[in-house]
K.L.:
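One structure is given below, represented as structure tokens, and several questions about it will come after.
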Amino acid sequence: MIRNVEPRAIQKVEELAKEQGISREQFLRERIMKMAQFYMEDQRVQRLEALVASNLQVMERCADSMQTMNALIGDEPEPSS
């Protein structure tokens, strides 16, 4: 049970639920579940983006190290155009 909700908001929820042919309780339950799923998906996306950024940094450092090693051993590849 949720208390202290504006009557106009409750009325709108009831209208939306009625349009979908479901109860107010079912309408709100589905909305809460969708919000939770969205939040979890958003968290997953943020973790993946951080992982990709971290991997790119490691790859850039590896490329720099490889160029340094190639320069030290005199095996620098020709720059591509």
Side-chain angles (χ1 to χ4, degrees):
M1 174 173 268
I2 301 173
R3 292 179 175 83
N4 301 321
V5 177
E6 293 277 332
R8 288 182 292 182
I10 293 172
Q11 183 180 13
K12 186 61 178 176
V13 167
E14 288 176 352
E15 290 172 10
L16 293 168
K18 187 175 182 179
E19 287 175 9
Q20 295 181 22
I22 59 177
S23 69
R24 176 176 62 186
E25 180 182 352
Q26 184 177 354
F27 177 85
L28 291 171
R29 186 182 315 113
E30 289 173 3
R31 294 294 171 154
I32 290 169
M33 293 296 294
K34 285 180 184 179
M35 284 177 18
Q37 289 171 346
F38 176 79
Y39 176 78
M40 290 184 296
E41 183 64 26
D42 187 53
Q43 293 292 312
R44 192 174 307 126
V45 166
Q46 288 179 17
R47 286 192 308 268
L48 287 173
E49 287 174 346
L51 181 60
V52 167
S54 176
N55 286 341
L56 284 173
Q57 289 177 348
V58 169
M59 291 171 68
E60 287 171 356
R61 287 195 309 260
C62 286
D64 291 343
S65 295
M66 289 171 57
Q67 286 179 344
T68 300
M69 292 299 293
N70 285 339
L72 288 174
I73 61 174
D75 192 27
E76 187 69 29
E78 294 292 322
S80 59
S81 45

K.L.:
Which residues pass the side chain to side chain contact (heavy atoms under 4.5 Å, CB included) test with A63, not counting sequence neighbours?
P.N.:
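In terms of side chain to side chain contact (heavy atoms under 4.5 Å, CB included), with neighbours along the sequence ignored, A63 is linked to no residue.
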
K.L.:
Hey, could you give me the CD1/OG1 distance between I73 and T68, rounded to the nearest 0.5 Å?
P.N.:
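Answer rounded to 0.5 Å: 11.5 Å.
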
K.L.:
What I want to find out is whether K18 reaches E15 closely enough, with some N-O distance under 4.0 Å, to be called a salt bridge.
P.N.:
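No.
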
K.L.:
For Q26, what residues pass the side chain to side chain contact (heavy atoms under 4.5 Å, CB included) criterion, not counting sequence neighbours?
P.N.:
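Expected list: I22, S23, R29, E30.
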
K.L.:
Going by side chain to side chain donor-acceptor pair (under 3.5 Å), name the residues that satisfy it together with R61, two or more places apart in sequence or in a different chain.
P.N.:
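None.
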
K.L.:
Under a 4.5 Å side-chain heavy-atom rule over Ile, Leu, Val, Met, Phe, Trp and Tyr, are I10 and I2 clustered together?
P.N.:
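Yes: a chain of side-chain contacts under 4.5 Å links I10 to I2.
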
K.L.:
Taking side chain to side chain contact (heavy atoms under 4.5 Å, CB included) as the test, write out the residues that go with R47, two or more places apart.
P.N.:
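Applying side chain to side chain contact (heavy atoms under 4.5 Å, CB included) to R47 gives Q43, R44.
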
K.L.:
Once side chain to side chain donor-acceptor pair (under 3.5 Å) is applied, do any residues pair with D42, and if so which ones, sequence neighbours excluded?
P.N.:
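If we apply the side chain to side chain donor-acceptor pair (under 3.5 Å) test to D42, skipping adjacent residues, the hits are Q46.
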
K.L.:
For V45, check side chain to side chain contact (heavy atoms under 4.5 Å, CB included) against everything at least two apart and list the hits.
P.N.:
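In terms of side chain to side chain contact (heavy atoms under 4.5 Å, CB included), with neighbours along the sequence ignored, V45 is linked to E41, E49.
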
